[in-house]
**Student:** 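If you scroll down you'll find the structure; I have some questions about it.
Keep in mind that what you see is a predicted model, and the values were worked out from it rather than measured. Just so we're on the same page: letters track the sequence lines, and every chain starts at 1.
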Protein chains: 2
Amino acid sequence: MQRPYSQVIDRLKQVGLRPTRQRMALAKLLFDAGDHHFSAEQLHNQASGAGIRVSLATVYNTLHQFTKAGILREIIVSSGRSYFDTNTSDHHHFFFEDSHRLLDIDAKDITITKLPKLPEGTLLERVDVVIRVSDNPKS
Amino acid sequence: MQRPYSQVIDRLKQVGLRPTRQRMALAKLLFDAGDHHFSAEQLHNQASGAGIRVSLATVYNTLHQFTKAGILREIIVSSGRSYFDTNTSDHHHFFFEDSHRLLDIDAKDITITKLPKLPEGTLLERVDVVIRVSDNPKS
DNA sequence: CAATAGTTTAGAATATTTCTAAACAACGTT
DNA sequence: AACGTTGTTTAGAAATATTCTAAACTATTG
Ligand SMILES: [Mn+2]
Ligand SMILES: [Mn+2]
Ligand SMILES: [Zn+2]
Ligand SMILES: [Zn+2]
């Protein structure tokens, strides 16, 4: 209970966030598991299930703080709900339109050889590739 | 007032939608103008401004019907709000994160030479490339 | 024109996210 | 260890976008 937390404490301090009870608990849930995609509501439910009392507002605050700090990434594939990703490396996604599930595509599995030049006065933030798929009814 | 409508009437009939007053008016607003991106609320306001009385529910119904019929396309770049596109050809987008504006990128200006194979039992719906840009503060 | 099926509508409902402002906790300083 | 400061958490309300409901309306066919 003491040692495992030292990692998340260090990580939070590194990005300039106070290691509060709620942030540590959420960070532990998020970063002890492998790479995954989730919504705010899902994380809130997961926390509740693990006996961690944290408000939904704090979950949202934390997700945005972590995203800004670069230890989480937000993925937009569905209007009406935001998804977050513990995998912050350069990669892309399959999006299953029926189940609303996301699946990583390694950056090396998509090659873009030609990109347009950016509009005047803009900075590149990110190039997102989303491959939208549906269930094949005859399979 | 009679002739211009024949085009939208034909177009609606072609895709199996009754040419109702509201659908004709919205189709005219949408397809007489050049390619553009817009939200439901924007179209509703534009209709009101043009003296067309149509409920927001009908605007949403119509946008979804047109999208399903393939004469509009929905673009997801921002959680919390859907955008639609009168350009249904194969193309991609710049998304200006500060102003929430979209700009078309012709399919020929992006070349993807390598794509992963689709997961088992899925059908490809679309490959969306979104180049997210922000305002360059020092320009 | 009557019958039918499809459409429109206002308003309520839903869903997700953000806001508010008061209570609380982390942490550097005494 | 207590203090003061600042940052954080919280419940609940509010904001936002979209969908639902079911009654009124209209296009189409016969
Ligand atoms: Mn959905
Ligand atoms: Mn936004
Ligand atoms: Zn991912
Ligand atoms: Zn477009």
Side-chain angles (χ1 to χ4, degrees), chain A residues 2 5-6 8-29 37-48 51-69 72 74-84 97 100, chain B residues 2 5-6 8-29 37-48 51-69 72 74-84 97 100:
Chain A
Q2 182 81 63
Y5 273 94
S6 67
V8 307
I9 292 174
D10 289 350
R11 191 150 194 199
L12 291 173
K13 283 184 174 166
Q14 270 168 31
V15 301
L17 291 171
R18 282 191 188 172
T20 66
R21 210 182 320 301
Q22 292 82 350
R23 288 209 276 237
M24 287 189 283
L26 293 176
K28 209 153 180 339
L29 285 178
H37 308 103
F38 60 95
S39 67
E41 189 75 36
Q42 281 166 4
L43 178 59
H44 187 237
N45 289 341
Q46 195 192 343
S48 300
I52 298 159
R53 287 188 352 290
V54 58
S55 72
L56 187 54
T58 294
V59 170
Y60 275 104
N61 288 342
T62 302
L63 290 176
H64 291 147
Q65 289 154 355
F66 284 11
T67 300
K68 188 147 119 195
L72 270 189
E74 187 173 358
I75 302 181
I76 293 168
V77 282
S78 181
S79 84
R81 183 172 310 196
S82 277
Y83 293 93
F84 293 85
E97 296 195 327
H100 277 206
Chain B
Q2 181 81 64
Y5 272 93
S6 67
V8 305
I9 293 174
D10 290 350
R11 192 151 194 197
L12 291 174
K13 284 185 173 165
Q14 271 169 32
V15 299
L17 292 171
R18 283 192 187 171
T20 66
R21 211 184 317 303
Q22 292 82 351
R23 289 210 274 236
M24 288 190 282
L26 293 176
K28 210 154 179 340
L29 284 179
H37 308 102
F38 60 95
S39 67
E41 188 75 36
Q42 281 166 4
L43 178 59
H44 187 238
N45 289 342
Q46 195 192 342
S48 300
I52 298 160
R53 286 185 357 285
V54 58
S55 71
L56 187 55
T58 294
V59 170
Y60 275 105
N61 288 341
T62 302
L63 290 175
H64 291 147
Q65 290 154 356
F66 284 10
T67 299
K68 189 147 119 196
L72 270 188
E74 188 173 358
I75 303 180
I76 294 167
V77 281
S78 182
S79 85
R81 182 170 310 194
S82 277
Y83 292 93
F84 294 85
E97 297 195 326
H100 277 206

**Student:** OP1 or OP2 of C:dA5 less than 4.0 angstrom from a side-chain nitrogen or oxygen of B:R18, does that happen here?
**Tutor:**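 It does not, given that no N or O in the side chain of B:R18 lies less than 4.0 Å from OP1 or OP2 of C:dA5.
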**Student:** In whole Å, what is the span from the CG atom of B:N61 to the C1' atom of C:dA10?
**Tutor:**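 It is 13 Å, rounded to the nearest whole Å.
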**Student:** Of all the choices, D:dT26, C:dC19, D:dT8, which nucleotide is nearest to the side chain of A:A57 once you look at every atom?
**Tutor:**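 Nearest to the side-chain atoms of A:A57, counting from C-beta on, is C:dC19.
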**Student:** Looking at every strand, decide which applies to B:T58 at a 4.0 Å heavy-atom threshold: base, sugar-phosphate, or nothing.
**Tutor:**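 Answer is base: heavy atoms of B:T58 come under 4.0 Å of a base.
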**Student:** Go through the steps for B:T67 and B:E74 under the test side-chain hydrogen bond (donor to acceptor under 3.5 Å, both in side chains), then give the verdict.
**Tutor:** CA-CA 7 Å; B:T67 299; B:E74 188 173 358; 5.3 Å; no
**Student:** Among A:V59, A:T62, A:V54, which residue meets the side chain to side chain contact (heavy atoms under 4.5 Å, CB included) test with A:Q22?
**Tutor:**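 Single side chain to side chain contact (heavy atoms under 4.5 Å, CB included) partner of A:Q22 among A:V59, A:T62, A:V54: A:V54.
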**Student:** For A:S39, report the nucleic acid contact type (base, sugar-phosphate, nothing); a contact means any heavy atom under 4.0 Å.
**Tutor:**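 Answer is nothing: A:S39 stays at 4.0 Å or more from every strand.
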**Student:** Check whether any side-chain nitrogen or oxygen of B:Q22 sits under 4.0 Å from OP1 or OP2 of C:dT9, and answer yes or no.
**Tutor:**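 For C:dT9, OP1/OP2 do have a side-chain N/O of B:Q22 under 4.0 Å.
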**Student:** Measure CG/B:L63 against P/C:dT8 and give the value in whole Å, please.
**Tutor:**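 So the two atoms are 12 Å apart, to the nearest Å.
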**Student:** Whole angstroms only, please: what is the NZ-P distance between A:K13 and C:dG28?
**Tutor:**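 Going from A:K13 (NZ) to C:dG28 (P), I get 8 Å.
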**Student:** Can you see if the side chain of B:R21 gets near the phosphate of D:dA27 - specifically, an N or O under 4.0 Å from OP1 or OP2?
**Tutor:**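 Yes, B:R21 has a side-chain N/O under 4.0 Å of OP1/OP2 on D:dA27.
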**Student:** Please state how far atom CG in A:L56 lies from atom P in D:dT9, giving the value in whole angstrom units.
**Tutor:**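 Result: 14 Å.
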**Student:** Expressed in angstrom and rounded to an integer, what is the separation of A:L12 atom CG from C:dA26 atom C1'?
**Tutor:**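 In whole Å, C:dA26 C1' and A:L12 CG are 13 Å from each other.
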**Student:** Is any side-chain N or O of A:H64 closer than 4.0 Å to OP1 or OP2 of C:dT18?
**Tutor:**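 Yes, because at least one side-chain N or O of A:H64 sits under 4.0 Å from OP1 or OP2 of C:dT18.
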**Student:** Please classify the nucleic acid contact of A:T20 as base, sugar-phosphate, or nothing, using heavy-atom distances under 4.0 Å.
**Tutor:**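 Result for A:T20 = sugar-phosphate.
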**Student:** For a side chain to side chain contact (heavy atoms under 4.5 Å, CB included) check, start with the C-alpha distance between A:F38 and A:L72, then their side-chain angles and the critical distance, and finish with the verdict.
**Tutor:** CA-CA 11 Å; A:F38 60 95; A:L72 270 189; 4.1 Å; yes
**Student:** Are any of the side-chain heavy atoms of B:Y5 and B:D10 separated by less than 4.5 Å?
**Tutor:**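 No. Closest side-chain heavy atoms not under 4.5 Å.
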**Student:** In whole angstroms, how far is the C1' atom of C:dA5 from the CG atom of B:L17?
**Tutor:**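 So the two atoms are 14 Å apart, to the nearest Å.
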**Student:** Run the numbers on A:H64 and A:F84 for side chain to side chain contact (heavy atoms under 4.5 Å, CB included), then give the verdict.
**Tutor:** CA-CA 10 Å; A:H64 291 147; A:F84 293 85; 4.1 Å; yes
**Student:** Taking for each residue the nucleotide of DNA chain D bearing the nearest heavy atom, is the 5' side occupied by B:P19 or by B:Y60?
**Tutor:**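 Between the two, 5'-proximity favours B:Y60.
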**Student:** Please assess A:F66 against A:L12 for the test side chain to side chain contact (heavy atoms under 4.5 Å, CB included), listing each intermediate value before the final yes or no.
**Tutor:** CA-CA 9 Å; A:F66 284 11; A:L12 291 173; 3.6 Å; yes
**Student:** Round to a whole Å and report the spacing from NZ of B:K68 to P of C:dG6.
**Tutor:**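 Computing the B:K68:NZ to C:dG6:P distance gives 13 Å.
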**Student:** CZ of B:R53 versus P of D:dT26: gap in Å, rounded?
**Tutor:**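 It works out to 10 Å between those atoms.
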**Student:** Scan residues 40-48 of chain B against DNA chain D and write down, sorted by residue number, each residue with any heavy atom closer than 4.0 Å; if none is found, say none.
**Tutor:**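 When residues 40-48 of chain B is checked for heavy atoms under 4.0 Å from DNA chain D, there are no hits whatsoever.
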**Student:** Applying the side chain to side chain contact (heavy atoms under 4.5 Å, CB included) test to B:R23, which of B:L17, B:T58, B:N61 qualifies?
**Tutor:**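 When B:L17, B:T58, B:N61 are each tested with B:R23, the side chain to side chain contact (heavy atoms under 4.5 Å, CB included) holds only for B:L17.
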